[in-house]
Amino acid sequence: MVSIAKVIVDVPTMQTNKPYDYLILAEFDEQIMPGMRVEVPFGQGARKVQGFVVEITQASNFKGELKAIANLMDLTAVLDEELLLLGREMARWTFSFQITCYQTMLPAMLRAKYEKKIKVIDEIPENLFFELFKGRNELTWDEATERGLMPQLLKLKKKELVELSYSVKNQAKTKKRRMIQSDLSFEQLEEEIIGLGKRAPKQSVLLRQLQSLNNESISTTDMNKKYGVSAAILREAENKKWLSFFEEEMYRDPFKHKEFKKTEPFVLNDTQEKALQPIMKAVKQHEKEVFLLKGVTGSGKTEIYLQTIAETLKNGQSALMLVPEIALTPQMVHSFKGRFGGAVAVLHSGLSIGEKYDEWRKIERQEAKVVVGARSSIFAPVKNIGVIIIDEEHEGTYKQDENPRYHAKDVAIWRADYHSCPVILGSATPSLESRARAYKKVYTLLELPERVNKKDLPVVEVIDMREEVKTGNRSNFSIVLQEKIRDRIAKKEQIVLLLNRRGYSSFVMCRDCGFVLPCPNCDISLTLHMDTKTMKCHYCGHEEAIPRICPSCNGHKIRYYGTGTQKIEEELHDIIPEARVIRMDVDTTRKKGAHEKLLSAFGNKEADILLGTQMIAKGLDFPNITLAGVLNADTGLGLPDFRASERTFQLLTQVSGRAGRAELKGEVIVQTFNPEHYSIQLAQKHDYDAFYQKEMLLRHRGNYPPFFFTILITTSHTEELQASKKMQEIVESIRPNLRPETILLGPTPKAVARVNNRYYYQTIIKYKHEPTLFKQLQELLSQSQKEMAKGLQIAIDSEPMHFI
DNA sequence: AGCACGCCGACT
DNA sequence: GTCGGCGTGCTC
């Protein structure tokens, strides 16, 4: 009986968003199982694609002739039953392809890579052979296109002298090392040592080491580095049959050179104990309860996480914890590795793809039982999950802004449901959505209202920058802030300065005619980058020289406006020359490990001031920081985004938490042009509850989440009319099927209507209850296939983070 | 995505 | 008449 595999193929179109049937050849019959990656022929020609086996059955409904699976790409399944099911369901609620979901779940190394080659299969004229193939037998597709050889090659193909070959490249390479094992017993080795001449000291060292191995093995590198035994000696020893070599798979350990000091659980205070109890109960009883742990900065949330995880490990279960990428600091890693040692796998963007793959394998083999990582770690192949923790749950980075547009929180709750275990959402400033759910008792609210060190939250002083301007201070630093910075430097204490760059960029403008340099491809102005001395477009990546003369009026009065971290650093240097500044932003942290290096330099007090963007607001904990400054608190407030106030409040609260973590008292300076804005005033008072009340009122008035669910539909096309027409059509087709209280905003052009020469139109749907809406939209997507093949793009984003 | 099929214009 | 343009539809 021939078995049949149902395969999701790597061809992202609606028609292929269902399994295709393939025959399983006898040679694979034993090993094949659902969740494995396979290489399958697809379409006419010789094209081969990667696919995922989702099921193995005995019969097929397909009317045509089945093709056979060409190759297995894995020895064991890379997706288990749970993840296969999750991918299928996620594709539905994120309006994306199943294949895209599966690819997202896996480390980059297991994602499909294709190799397209042109092979010589018959005699071709010698001159052509050398001209085209340079005497080789095959040519990569890329090279052929680059050298413009395709027309000639296609002619040869017609004559069947060459053929196209496709293959799926399996990049999943493990790192191996060469190991030595002794082939002689202790006594035999002893004899060899006695028999050695005095002039063979290295061999004697080797033999002594082999004796001390005690049936263990040692790597050739260790033997060389630690004992100075060279490869030549080892080779000779192999010839003498003293030892033999074998290959051992190893992990690329990103923390190879680090020691983690073992930490012990702290004794919890009463409030922590009170918060921990219900969680522990849920962990022990395997209840799928969602907790919202609301604790002020420094209230010891991490210790609660650690003790919860310890409990799940005790029960033989594993734990999954998400943190925002930028909070994945060495400090964070330390506290987890310190408590749980080798049982911890850490996944973050700073790892190489090889390192990520190895961490993934450690989890897959259940060697790591605790996973700490950013958004995509929610798909870690952990079995038997005992708890899922999402720290800083309000963070927008948990929502992926490309397909599949999933929210890690939704996936967490899905997986917790599957495993029947609790979820902990932790934050000092919960998202309104989560807080509201806790209010409605959908989540269980747990609160940690005080800091562990019993210190008061730092005093926040709000500086009205309008007054500064009036008194003639045109700089970005208020007089008060300048004084405080000098004071801290004198006291050898440290400072963090945050530049809130959201919605802000530096641009150049002509003072005479007001001309602002636009991007040729997008409807947006170019941003000045001092490091590369160019103008860049943040949307399409276009780059050009900084103009000296105004292209519009030929004037010479081109000036820089706006504020970047680079400019602030220079300004700071002018005002306070003695300040030693470390700047942290995308430009200085791009390189691998740069982030960590800068932070440890700051930790070693090599600088007085840490100046940066959002990335310095999260999680860092330096006892010597006593002053935190926000240079421009309100740049986000002007944005047409209903979450602007919430983000500002969260950011300010977070920054306040950076100051005065230890013995020294902290102080916070917030500079703003909107000192009376409620998000700034309430952040100053550390009053989350009042902010929640106020903001809920406004959300209610504006019919925004959490009172309404939202879906954002975007169409785009290189021709504006096509995009607008389709959007119009979509709105007309769904409106009649919606309830009267459902609100449609659109169609409207997007705020940046043209990006990369494509035109964007959007519609927002706000609804309370639309049981058929998802189905309708699914339908809409599948009906639009033809247009989508002709350059139209439709994106559907449920609960988007940004509406512009 | 990539390939074949099929239907129209310009060429040996 | 044939070569080759790309619009259309299918891939187990």
Side-chain angles (χ1 to χ4, degrees), chain A residues 1-26 28-29 32-73 84 88 91 96-104 111-119 139-142 144-145 148-160 162-169 402-404 717-719 722 781-795:
Chain A
M1 183 81 175
V2 188
S3 300
I4 285 158
K6 292 194 173 291
V7 178
I8 295 287
V9 292
D10 180 23
V11 181
T13 66
M14 272 291 173
Q15 298 94 310
T16 55
N17 203 13
K18 60 177 173 65
Y20 276 57
D21 294 350
Y22 284 89
L23 295 173
I24 301 168
L25 299 178
F28 303 135
D29 203 44
I32 196 165
M33 55 173 156
M36 270 187 188
R37 294 175 307 146
V38 288
E39 189 179 347
V40 292
F42 191 78
Q44 296 89 327
R47 188 177 173 208
K48 289 209 187 76
V49 299
Q50 191 183 79
F52 290 91
V53 178
V54 291
E55 201 188 326
I56 290 167
T57 60
Q58 301 305 316
S60 170
N61 288 327
F62 184 60
K63 298 287 183 290
E65 194 156 331
L66 294 180
K67 290 183 183 173
I69 286 176
N71 244 318
L72 303 187
M73 296 181 68
L84 284 172
R88 207 162 71 216
S96 49
F97 303 116
Q98 220 170 309
I99 187 71
T100 326
C101 294
Y102 290 144
Q103 309 266 36
T104 319
R111 263 169 238 171
K113 266 244 169 127
Y114 297 101
E115 235 174 5
K116 221 170 155 187
K117 280 187 202 151
I118 298 130
K119 275 189 188 152
L139 195 61
T140 63
W141 181 276
D142 289 343
T145 350
L149 307 176
M150 285 322 289
Q152 291 176 78
L153 288 167
L154 285 174
K155 268 181 208 147
L156 290 174
K157 192 185 168 244
K158 279 250 162 72
K159 292 189 221 157
E160 295 191 342
V162 300
E163 67 171 11
L164 290 177
S165 92
Y166 298 82
S167 56
V168 183
K169 228 167 126 180
E402 58 190 58
N403 275 327
H717 201 279
T718 46
E719 283 168 61
Q722 296 288 319
L781 275 184
S782 56
Q783 279 164 10
S784 308
Q785 292 166 60
K786 274 187 201 160
E787 292 151 279
M788 291 177 79
K790 277 186 277 181
L792 176 81
Q793 280 173 18
I794 303 176

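Keep in mind that what you see is a predicted model, and the values were worked out from it rather than measured. Lettering follows sequence order; numbering is per chain, from 1.
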Colleague: Can you tell me the distance, in whole Å, between the CG atom of A:N17 and the C1' atom of C:dT11?
Modeller: 14 Å
Colleague: In whole Å, I'd like the distance from the CD atom of A:E65 to the P atom of C:dC12.
Modeller: 11 Å
Colleague: Over how many whole Å does the gap from A:Y22 atom OH to C:dT11 atom P extend?
Modeller: 11 Å
Colleague: Roughly how far, to the nearest 0.5 Å, is the CD1 atom of A:I4 from the CD1 atom of A:I24?
Modeller: 8.0 Å
Colleague: Got a donor-acceptor contact below 3.5 angstrom from the A:Y22 side chain to the A:P41 backbone?
Modeller: yes
Colleague: Out of C:dT8, B:dG2, C:dC12, which nucleotide sits closest to the side chain of A:R47?
Modeller: B:dG2
Colleague: With a 4.0 Å cut-off on heavy atoms, is A:K48 in touch with a base, just the backbone sugar-phosphate, or nothing at all?
Modeller: nothing
Colleague: Measure the distance from CG on A:L792 to P on C:dG7 and round it to the nearest whole Å.
Modeller: 16 Å
Colleague: Between atom CD1 in A:I69 and atom C1' in C:dC12, what is the gap in whole Å?
Modeller: 11 Å
Colleague: Does A:K6 reach a base, just sugar-phosphate, or nothing at all? Heavy atoms under 4.0 Å.
Modeller: nothing
Colleague: Quick one: label A:T13 by what it contacts on the DNA or RNA (base, sugar-phosphate, nothing), any heavy atom closer than 4.0 Å.
Modeller: base
Colleague: Any side-chain donor-acceptor pair under 3.5 Å between A:D21 and A:S60?
Modeller: yes
Colleague: Rounded to the nearest angstrom, tell me the gap between atom NZ in A:K790 and atom C1' in C:dC6.
Modeller: 12 Å
Colleague: Give a yes/no verdict on base stacking between C:dC12 and A:F62: centres under 5.5 Å, planes within less than 30° of parallel.
Modeller: yes
Colleague: Take atom NZ of A:K786 and atom P of C:dT8, then tell me their distance rounded to the nearest Å.
Modeller: 8 Å
Colleague: Of all the heavy-atom pairs spanning A:K18 and A:Y20, show the shortest one and how long it is.
Modeller: O-CD1, 3.3 Å
Colleague: With respect to the side chain of A:K18, which nucleotide from C:dC12, B:dA1, B:dA4 is positioned closest?
Modeller: C:dC12
Colleague: Figure out the CD/C1' separation between A:Q50 and B:dA1, and round it to whole Å.
Modeller: 15 Å
Colleague: With a 4.0 Å cutoff (strictly under), does any side-chain N or O of A:K116 reach OP1 or OP2 of B:dA1?
Modeller: no
Colleague: When you compare the side chain of A:I69 with that of A:M36, does any pair of heavy atoms fall below 4.5 Å?
Modeller: no
